[in-house]
Amino acid sequence: MNSINAVTKPKTNMMNAITQKLGPLLGLIILVVIVSILNPSFLEPLNILNLLRQVAINALIAFGMTFVILTGGIDLSVGAILALSSALTAGMMVSGIDPLLAILIGCILGGLMGMVNGLFITKGKMAPFIATLATMTIFRGLTLVYTGGNPITGLGDNYLFQLFGRGYFLGIPVPAVTMILTFVVLFIILHKTPFGRKTYAIGGNEKAALISGIKVPKVKVMIYSLSGMLAALAGAILTSRLNSAQPTAGTSYELDAIAAVVLGGTSLSGGKGRIFGTLIGALIIGTLNNGLNLLGVSSFYQMVVKGIVILIAVLLDRKK
Amino acid sequence: MNSINAVTKPKTNMMNAITQKLGPLLGLIILVVIVSILNPSFLEPLNILNLLRQVAINALIAFGMTFVILTGGIDLSVGAILALSSALTAGMMVSGIDPLLAILIGCILGGLMGMVNGLFITKGKMAPFIATLATMTIFRGLTLVYTGGNPITGLGDNYLFQLFGRGYFLGIPVPAVTMILTFVVLFIILHKTPFGRKTYAIGGNEKAALISGIKVPKVKVMIYSLSGMLAALAGAILTSRLNSAQPTAGTSYELDAIAAVVLGGTSLSGGKGRIFGTLIGALIIGTLNNGLNLLGVSSFYQMVVKGIVILIAVLLDRKK
Amino acid sequence: MRITMENIYKAFGTNQVLTGVNFELVDGEVHALMGENGAGKSTMMNVLTGLHARDKGTITIDGKETYFKNPKEAEQSGITFIHQELNIWPDMTVLENLFIGKELKNSFGLLKVTEMKALAKKQFDRLAVSIPLDKEAGNCSVGEQQMIEIAKALMTEAKVIIMDEPTAALTEREISKLFDVISSLKKAGVSIVYISHRMEEIFSICDRITVMRDGKTVDTKAIPETNFDEVVRKMVGRELTDRFPNRNPNLGETVLQVKGLTKKGQFEDVNFSVRAGEIVGVSGLMGAGRTEIMRAIFGLDGFDHGEIWLEGEKVTIKTPDQAVKAGIGFITEDRKDEGLILDFSIRDNMVLPTLYSFAPKGIINEKSEIDFVNMLIKRLTVKTESPDIAVGKLSGGNQQKVVIAKWVGIGPKLLILDEPTRGVDVGAKREIYDLMNELTDRGVAIIMVSSELPEVLGMSDRILVVHEGKINGELLKENATQEKIMTMATGGQ
Amino acid sequence: SMQPPGWAKPDKKDSLEDIKIGLSVSTLNNPFFVSLKDGVVKEVEALGMEVIIVDAQNDSAKQVNDVEDLIQQGVDALLINPTDSAAISTAVQSANNIGIPVVTLDRSADKGKVEALVASDNIKGGEMAANYIIEKLGENTQVIELEGVPGASATRERGQGFHNVADKKLNITAKQAADFDRTKGLTVMENLLQANPDIKAVFAHNDEMALGAIEAINSSGKEIMVIGFDGNDDALNAIKSGNMEATVAQQPELIGKLAVGAASDILQGKKVEKMIGAPLKLVSKD
Ligand SMILES: Nc1ncnc2c1ncn2[C@@H]1O[C@H](COP(=O)(O)OP(=O)(O)OP(=O)(O)O)[C@@H](O)[C@H]1O
Ligand SMILES: Nc1ncnc2c1ncn2[C@@H]1O[C@H](COP(=O)(O)OP(=O)(O)OP(=O)(O)O)[C@@H](O)[C@H]1O
Ligand SMILES: [Mg+2]
Ligand SMILES: [Mg+2]
């Protein structure tokens, strides 16, 4: 018995390691297979391109959320930041500022809003949950004040701006390109630079990180700013896609982003997880949304199915 | 300098202790004073009664949330449980079951939904945030499936049922009476019984609690069940107030409940806080809602003000 | 590097911790810093390295007044601190742990992983540890984690290394390796501040010793000019005649019997028994699996097969509450993480396992609760102003007493003590030993897992030696020696 | 008891000089209701009265609270735009108890005494949309229906009207909720286009979703007729520019205006119609 065990152990260990690394990816593949069997049109190239485009917004927000969650925090304000920065960007465009410049400024403004979160959390020593819950309400309120509850339209017909959300680059939807480029940059930052290590270190053991000379407050402020900036970037894509800024844009996007991060295997208690997982997590959610639509599942049941998928995915992840 | 400090110190300490105990209450009093100066009709008896009635629903949910947060958890599904149990209760009433029996069964069903949360969190070892996020989606979906998206009406005209949400008992709105009775019972449980001590201990240090022989999973399951049951009770009040079950009832009530708990001085990391604070927290939120309406503040600015008040309150609490 | 700290004051709130402490460190010396728990040793070093700001006093380094703003600055100036509390990231790999906050990067700002690996390998070789670099640190035993911390400190090429209880979690083998490293560092001109509660070590490796009491320096002496008793007297403020009390065990019935306990990869075929009134010492090398065995008995982690018998009856213990009901108490090796709720009061901590006995009608009777707590505080001589003080504010020794009190309170049949005196000063240690004696006199059976050989030899009636998850031998007190235990611990007979 | 205690009841009205109108809106996050509110405000100002506005943010329970708060402020008449007609009943009854007249806008109340309902007929609007499609593309055309927020009364009524006609004469190949939201309209439409390549027309329960669907259709390069509901500015522009086929236009400002008129009539003791219709217009390019 014992000798057999000794032999099999490394194997199961390796298996475990593989499923651990591939867990979310495996989930995605299973999902894709099921959906395409039930409705083959899912696999049509145009649908895949659409899917990628739809996923981009959630993925971008979830990338920022990954950093935040890795530090053991949470950012409930991303949806509100998206809405506010989108409204401000559209406002600038309407007032005649060059669209790409407006997007740039919008992203910076988003970053500043994130920075406000970061400062409340570090200087104000507030729990991230409650700090970003409060700023969420504030940013939402400000968006409504700024827009008067009406969408902002008349954004002109700048070609580059339209491309930004609706165009194709080398046959790939521009938002998907943006998402992939952002992913690559963030992947390198997270896994190949000291900043990334610090992110993990803060989430893994904040006190020890502080003692090790990591400027914890600075890193956190940067990470919440990054999260805000990415939300604003997602907002710019949305603005271009809708050719308008919606006052209620991004409602409950924070929950989708958090779900993507968690489905990707990142632990909500911080210090553990990977941004590649988040990409997969976002694709899982996107595939679910797209697939359930294609299958004609009523939106009521869609909610039930989505919740169950999240439960199962996380449970399987825990079991390993 | 030093000697002066040494002399004044004990005093400030006592002051600190007092503001710590009374912090939230002080905040409430300040708020009430400001609102009544700006609009004296705030203090009219009927308005105070209305306020109490309006607060009851949030307070009941927040009481359960207090237990959950004290263990270091969170329950995002309370709003959805409220909606689902309310729909089921109304369904039973329409099908002719005695209204009070229906309410009782509804509360038990709410407790069962909470128990599902508790089991996922303990047996499934899931983070409370993600487990209750998933069940929130599921319960919402089920509510829509059950109601077909339509409100359930035709609840008959049982006098006791109408009293439950709309009536008065000894001149006090019945929901407020329910709230106060529940508060007293929960206060005793939390501060005077072993169960309450265990709740704190789990939040203070779960491992140490487990090793001290506390049945952590059992206590947690009971607490999530309690939270579900209180949400269902709140749902019953709402059903009576609206004389119908609304498929989208309780949307984002979880956030209001969490805000009430945190405003009441309970720490989101668990182990620290008081249910009396939660009552005050709910009254603060209620006063804000009612007061801002009375002052004619536009709903957009109301959101901004509410967010800022939460930030300030929590910041002041941290400073002590 | 020459460091002088003069007349340093430091208070946390109203708690005046350092009250005019003086300390001097010269090149190439190993300087012991001793004192009771809470004397302020760690705090003084935290002030030196900039983790805490001083309230008053001067710090001179190489003749120049220097105040670091944060530990990183101190490290850059050549002062490295191995903290008492392990600074480990359990979810990160050993390699990542070694380089946190000081990763090597190339000109693009990217990590240089190969270089870091090579460097880490070199340090590990020097310390003769063989922990895989890609193992998750959380899967390392406490001892291994301690070695990671030491390696991390050595890597900084520091001129001064402060070691705050570096050996608390180590067994003899690793300790002797560490001592080799210390002497070679000394030869290279590195000076070391060595904080420890293990007396033997101080006299074998240190050059000078500074004793602290109540936030003040009592004395600084060269090691040859002082002796064991003098140091203890200065630390505790009174004479301490013997380190261990006399044991006159009066053995009763067998309380616990473990038969063939096995858990794959952790321990195998563990058989032993403990009698009422007996102290069974459990010794072994770091990571031998002693803690795992105890956790399994207490129902914390399951086991694959085997039987547990209590007072002649076979019992099933799947969860700690069943163990508590059966009359077993477990004092874990990690007091802060598993033993106490640091933010909670002494009272709240002490009554945790006995809550129901104060609430016969469902409501807690606070008066009987307070009486009970006061009785325990008195009986275990916990030094505190009030039972309502948060345990986190007590000194290490007193914290340990609170944990023990918690279990004494249930009226246990069997107490499992895992490293009961880790990080506890000599005075408090003696009090804990007295307490163990008192308990066994009243018929309690005790299992004491300990890495401190003198303690095992001094307190046990019988000694079990664990080697790689198996009990490799059993020694009676009369014929046990350090050498015999070490041989068995390393697999010999 | 179902009545507040005597000591808590407000004092009787002071004077009828300066008339205060209370307006409770279901939400102001939506241009339609913003226009409705604007209509009320303009008319109130024109008549020299005062108005207090509260916004229920689509929460029925909040709306009941809001109405209580309005009553508390001593309004002389209540204009309520209910989030839900069943849920608002109790609030209407509270107003009835104190004798404050209630006019509802856009939706009615199931119970309680409502002096007048000012609304455009959503069911009829749904029918108009279906008939328009039949008229343009003939019977048995494949259509998709984009539904509003599940459970919202506009969703139910517009859907009901549309189905009244379409179930018999059109082929509804798919229907999905897009929550009255432009973003969702876009993604849901993208997905539905994938599953239903042969559809010829889309009926959206509001213009926001219709405009989202149009973005999806444009990037798919297909020719599909989109019909919205509401007639907001964006939609009218889209129709003018030929992007959108048609919309069942409501006149929210008019609804607001008529409601204020009704209220002031009631306060002056004049009789008013129980049901005041605000005309619907089917707006198309031609
Ligand atoms: N961050 C802090 N905040 C408040 N009090 C503190 C803090 N750090 C230490 N103390 C208090 O300062 C006193 C001295 O603690 P310190 O850790 O320096 O003792 P020590 O001599 O290192 O003891 P030990 O031998 O137990 O490690 C203790 O009473 C402790 O409670
Ligand atoms: N949390 C853990 N996860 C996985 N492996 C662990 C864990 N903790 C300890 N181990 C491993 O289990 C083995 C036994 O560790 P254990 O703590 O029981 O040893 P010990 O004899 O008590 O030594 P120590 O003095 O270090 O506490 C070691 O090889 C260790 O690396
Ligand atoms: Mg110390
Ligand atoms: Mg151990």
Side-chain angles (χ1 to χ4, degrees), chain A residues 38-51 53-55 57-58 82-83 86 140 143-144 147-154 162 165-168 173 238-253 286 289-300 302-303, chain D residues 25 27-38 55 57-58 144 146-151 155 172-197 207-208 211-212 214-216 218-222 232-235 237-238 241 243:
Chain A
L38 293 175
N39 186 341
S41 75
F42 174 80
L43 284 179
E44 274 174 32
L46 186 63
N47 191 49
I48 299 297
L49 292 185
N50 270 341
L51 178 66
R53 193 206 300 273
Q54 292 172 4
V55 160
I57 288 174
N58 183 24
L82 181 151
S86 157
R140 279 255 166 250
T143 310
L144 290 169
T147 61
N150 292 312
I152 300 180
T153 54
Q162 294 187 348
R166 285 174 271 165
Y168 291 84
L238 190 63
T239 314
S240 164
R241 288 200 73 190
L242 298 176
N243 204 14
S244 66
Q246 300 289 319
T248 55
T251 306
S252 81
Y253 279 20
N289 284 336
N290 177 288
L292 292 173
N293 272 344
L294 287 190
L295 301 179
V297 177
S298 105
S299 61
F300 303 168
Q302 286 196 16
M303 295 175 78
Chain D
V25 198
T27 175
L28 286 177
N29 292 347
N30 181 320
F32 176 80
F33 296 104
V34 175
S35 301
L36 184 143
K37 177 207 79 180
D38 290 342
D55 167 12
Q57 290 160 348
N58 271 330
I144 280 180
L146 290 179
E147 300 175 302
V149 173
T155 306
I172 304 176
T173 48
K175 57 174 192 170
Q176 280 287 338
D179 299 351
F180 290 135
D181 180 71
R182 199 182 290 195
T183 319
K184 291 225 177 94
L186 169 58
T187 49
V188 170
M189 194 63 211
E190 279 175 349
N191 298 337
L192 289 180
L193 277 177
Q194 196 57 43
N196 308 280
D207 284 339
E208 289 292 312
L211 290 166
I214 286 170
E215 299 293 342
N218 285 349
S219 54
S220 79
K222 291 198 166 114
N232 68 29
D233 291 344
D234 273 6
N237 286 335
S241 66
N243 267 326

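We use all heavy atoms of the structure for the numbers below, so side chains are in, but hydrogens, waters and symmetry mates are not. Chain identifiers are assigned alphabetically (A, B, ...) following the order of the sequence lines, protein sequences preceding nucleic acid strands; residue numbering begins at 1 within each chain. Since the structure is predicted, the reported quantities are computational estimates derived from the model, not experimental observations.
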*asked:* So, using salt bridge (Lys or Arg N to Asp or Glu O under 4.0 Å) as the criterion, who are the partners of D:D181 when residues are at least two apart?
replied: none

*Under 4.5 Å heavy-atom distance to chain D, tell me which part of A:N290 shows up: side chain, backbone, both or neither.*
both

_Heavy-atom pairs under 4.5 Å with chain A, option from D:E208, D:E147, D:Q176 with the top count_ = D:Q176

*Determine yes or no for a side-chain-to-main-chain donor-acceptor pair under 3.5 angstrom, with D:D207 supplying the side chain and D:N232 the backbone.*
yes

*Using a strict cut-off of less than 4.0 Å between a Lys/Arg side-chain nitrogen and an Asp/Glu carboxylate oxygen, indicate whether D:D234 and D:R182 qualify as a salt bridge.*
yes

*Portion of A:F300 that has a non-hydrogen atom of chain D nearer than 4.5 angstrom*: side chain

*When heavy-atom pairs shorter than 4.5 Å are enumerated against chain A, which of D:V34, D:L28, D:T183 gives the highest number?*
D:T183

_Which residues share a side-chain contact (heavy atoms from CB on, under 4.5 Å) with A:M303, sequence neighbours left out_ = B:T137, B:R140, B:L144

_NZ/NE/NH1/NH2 to OD/OE distance under 4.0 Å, A:R241 and D:E215_ = no

*Check whether A:L238 gets within reach of chain D through its side chain, its backbone, both or neither, counting any heavy atom under 4.5 Å.*
side chain

*Using a cut-off of under 4.5 Å for heavy-atom pairs, which of A:L51, A:L242, A:N289 has the most such pairs with chain D?*
A:L242

